[in-house]
Amino acid sequence: MKHFRQLTLASLLIISGFSASAKDYTIASPNGKNVVTIGKDLKILVKHNDKEIVSVKADFRASEFTGSKVGVYSLESPSLQALNSQFKGSKLFAEEIDAPFYRQKNLQISYRQMDLRFSNGIGLQVRAYDEGVAYRFYTTRKGETVVSDETADFCFPKDSRAWLAYSTNDEKPFAMAFQNYYHETRLSEAKDKYAFLPATIESGDVKVTILESDLRAYPGMFLKSHKGDSPYCEISAAFAKYPKKMGYYKWRGMSYVEETEDYIAKSTGARTYPWRVMAITEKDTEMPVNNLVYALATPNQIGDTAWIRPGKVAWDWWNDWNLKGVDFKAGINTRTYQYYIDFAAKNHIPYVVLDEGWYDSSKADIMNPIADIDLQGLIDYGKAKGVSIVLWTVFNVLDEHLVEACEKYTKMGIAGWKIDFLDRNDQTAVEMAERLAKTCAQYKLFVDYHGYFTPTGMNRTYPNILNYEGVFGMEEARWAKKDTDMPRYDVTFPFIRMMAGNVDFTPGALRNGTKDNWVECYQNPVSMGTRCHQLACYVIHDSPFTMLCDAPTNYEREQACTDLITSIPDTFDETKILLGKIGCYIVTARRHGDDWYIGGQTNWDERTVDLSLDCLSPGVSYQATIVTDGINANHHAEDYHIEHKTLTASDTLSLKMASGGGFVVKVKR
């Protein structure tokens, strides 16, 4: 039996044997702009260009069990001196990282690091990058460690502008789908609600975006703003407690946390904890291509990735199986999916997903397809046409049949899983996500994590995770209200959410509405904004596994748009943000080999952008396809125009976007 003896802070200091220290520890990023100082009070102070932009009060409270002994430890003391055994403030670390299925093929990144070790078995690593600052705790113990809580109080000027995505569940804020628009506010006026990551705060001349990376066997971070009388405002971390008892919703067999422990995490042995990331950007155009989350994650743990094939996927759920002009009853049945497969094959789309309904969700019966689905027949039919099947499932339902289901459906020939409704990020949920990715990789299955928390770099650790949701995506159009401002969100989340990783936004709507004439329609949904706004998603989004959300029969009647969508690559060698302002507009350019793909989107404001093409190779002529909003797109959102031109690096394009509009430019050498 374990004996628990609560140690006070005073007794901790006696055990530590430390005396007061006045020494500060400082490191600077390679370019010298970002400087991190840890003072005797153990606050992490971050400066950019000699101006203080954020300070962090960080603490880590853990209990250690070793045999019959227990110690309760905290770093929260001005007299706790670091054992400075690994502090190398001037040493430069440089990494070249292979990044399969990421926004660029590989990346180079460098940093300086300090490593502060304390006699109580807790350590603190801090890194200064040109792109921002990150820190994490680690322990060197051998026994069981229970983390009661972690403190991360980020201090900013209280009049700082912030972009916060609040939990949509007021009663149980840590249980929801991590899908909400960004509430733009002053920190001093922020709602008294938990916000999920990422969160962006404008501090002086820069924006600081709070993220996390390498989240493994630990709960994800939430934030909540605290008002006070001082000129500063804290936005503080909070974490879901460790689940004690689980319950199940009858429909879908989805698990939920019914009762929790009084701590947030537990583990055994020495380990590192998640990186707390403060991405620092001087320009909005730097935000969507900040690579810190990916760079800080644990490298590839599955080995060879040659078997993983990114690609587009014909999707059934958003269009409500709404085939028209066919001679059979459309729905969740074999004949309907044969049609989806035929459409995919004709348009060189490598995947078809069978979403909810292929098995009986009410019984969580993942091991048996419904009678109307001849699954083996569909898999074989698709294989003969070069189209693979992806199966939808609920997270815990797959987890509870993991090996059995992977063995059965791998033998049948599926390519991967679309896994849905995790809707939480406590430690056991995070462990489940990693367990699923690891096991699926062993069976050569990729995964698309839907209903998932904001990504934290796990796709670097397990590259078979091709995509994540955690975004206020196209599915919202099925139940949105008239005052929902999706075009504004569409030009906000690439600057914030996409810093964290890939997005399963599920674009491709061919029924499009203007601000005035958009209508809510669950069975036959309509996107907000123009046709070109939708087409641009396939360039702007980091998304190696991208849905075509509309019905095959709609795409067949709009072959020019379908051809454009399917001609855009799924992975790229290089990504640049040419123009943009958060909440207003964005212009993204991606290179695939010698060819460039440029996409632009605007909010409900019309605008014209002058686009320099100096990203092209000089002295080379390119053949361009330019798809823009039609002259009547402000009245009829489906109106678009296609033209072809010869372009060079010295040319400039002036492109007009309608209200809620966009454009796509394909430039082929």
Side-chain angles (χ1 to χ4, degrees), residues 7 9 12 15-16 18 25 27 36-46 54-65 70-78 80-87 111-129 132-154 197 210-223 236-242 263-278 292-293 296-298 425-427 430-431 456-457:
L7 296 184
L9 186 59
L12 167 63
I15 293 171
S16 301
F18 287 154
Y25 300 106
I27 53 172
V36 190
T37 300
I38 298 183
K40 62 181 181 180
D41 58 358
L42 291 177
K43 271 193 176 179
I44 301 170
L45 176 65
V46 181
V54 60
S55 65
V56 188
K57 179 182 177 183
D59 192 20
F60 186 83
R61 290 178 290 283
S63 303
E64 177 191 10
F65 297 95
V70 59
V72 181
Y73 299 119
S74 169
L75 303 185
E76 194 174 24
S77 171
L80 198 59
Q81 179 184 358
L83 293 177
N84 190 26
S85 60
Q86 289 192 10
F87 177 66
Y111 59 91
R112 290 190 172 91
Q113 175 174 297
M114 70 171 85
D115 189 334
L116 306 178
R117 294 184 181 180
F118 304 90
S119 66
N120 59 11
I122 299 176
L124 176 66
Q125 289 180 334
V126 184
R127 291 184 181 179
Y129 294 83
V133 169
Y135 73 90
R136 70 174 172 185
F137 293 105
Y138 63 91
T139 56
T140 57
R141 302 168 179 153
K142 296 181 180 179
E144 182 183 33
T145 299
V146 175
V147 182
S148 58
D149 201 6
E150 178 185 342
T151 298
D153 296 332
F154 301 88
L197 299 185
I210 301 171
L211 307 110
E212 59 187 341
S213 181
D214 211 30
L215 179 67
R216 305 178 72 185
Y218 199 80
M221 180 189 286
F222 287 76
L223 295 169
S236 300
F239 303 88
K241 298 289 188 182
Y242 192 94
Y263 53 84
I264 66 171
K266 64 178 182 179
S267 60
T268 302
R271 64 158 296 179
T272 58
Y273 291 88
W275 287 102
R276 308 303 172 206
V277 182
M278 291 162 278
L292 283 182
V293 170
L296 285 160
T298 297
N425 67 352
D426 56 70
Q427 180 178 331
V430 173
E431 289 171 333
T456 58

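Note that these values count all heavy atoms, side chains included, but never hydrogens, waters or copies made by symmetry. Fair warning: this is a prediction, and the values are worked out from it, not measured in the lab.
Counting only heavy atoms from C-beta outward, the side chains of K241 and D426 never approach each other to under 4.5 Å. At a threshold of 4.5 Å between non-hydrogen side-chain atoms, the residues L223 and F154 count as touching.
Residues that satisfy the ring pair (Phe, Tyr, Trp, His ring centres under 6.0 Å) test with Y111, not counting sequence neighbours, are F93, Y129. Listed by chain and residue number, F174, F178 satisfy the ring pair (Phe, Tyr, Trp, His ring centres under 6.0 Å) test with F222 (two or more places apart in sequence, or in another chain).
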Take V56 and K43 through the side chain to side chain contact (heavy atoms under 4.5 Å, CB included) test and state the conclusion after the steps. CA-CA 6 Å; V56 188; K43 271 193 176 179; over 6 Å; no
Full working for salt bridge (charged side-chain N to carboxylate O under 4.0 Å, His left out) between K266 and E144: CA-CA 7 Å; K266 64 178 182 179; E144 182 183 33; 5.1 Å; no
So R127 and V133, side chain to side chain contact (heavy atoms under 4.5 Å, CB included) or not? Walk me through it. CA-CA 6 Å; R127 291 184 181 179; V133 169; over 6 Å; no
Show your working on side chain to side chain contact (heavy atoms under 4.5 Å, CB included) between Y25 and L42 and close with a plain yes or no. CA-CA 10 Å; Y25 300 106; L42 291 177; over 6 Å; no
Are Q125 and Q113 close enough, and set up right, to give a side chain to side chain contact (heavy atoms under 4.5 Å, CB included), and what steps lead you there? CA-CA 7 Å; Q125 289 180 334; Q113 175 174 297; 3.8 Å; yes
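Here the shortest heavy-atom pairing between S213 and L292 reads OG-O, 4.4 Å. Taking both residues in full, the closest heavy atoms of A62 and T145 are given as CB-CG2, 3.7 Å, listed atom of the first, atom of the second, then distance. Taking every heavy atom of both residues into account, P219 and A265 meet most closely at CD-CB, 3.9 Å. The nearest pair of heavy atoms linking T139 to G269 is OG1-O, 4.0 Å. Contact detail for I264 and E150: the closest heavy-atom pair is CD1-N, 4.0 Å. Between I38 and V126, the closest heavy-atom pair is CD1-CG2, 3.5 Å.
Each of T456, V293, L296 was compared with L211 under the side-chain contact (heavy atoms from CB on, under 4.5 Å) criterion, and only V293 meets it.
Here R141 contributes atom CZ and S267 contributes atom OG; the two are 9.0 Å apart, rounded to the nearest 0.5 Å. Between the CG atom of L124 and the CZ atom of R136 there is a distance of 10.5 Å, given to the nearest 0.5 Å. In this structure, Y138 OH and I122 CD1 are separated by 10.5 Å, a value rounded to the nearest 0.5 Å. In this structure, the separation between CZ on R276 and CE on M221 is 3.5 Å, given to the nearest 0.5 Å. The CZ atom of F137 lies 10.5 Å from the CG atom of L116; values are rounded to the nearest 0.5 Å. Atom-to-atom distance recorded for T298:OG1 and R216:CZ is 4.5 Å, nearest 0.5 angstrom.
Salt bridge annotation for R61-D59: present, with a cationic side-chain nitrogen under 4.0 angstrom from a carboxylate oxygen.
With hydrogens and angles ignored, the 3.5 Å screen pairs a side-chain donor or acceptor of R271 with a backbone N or O of A217.
Between Y218 and F239, the two ring planes are perpendicular [angle over 60°; tilted spans 30° to 60°].
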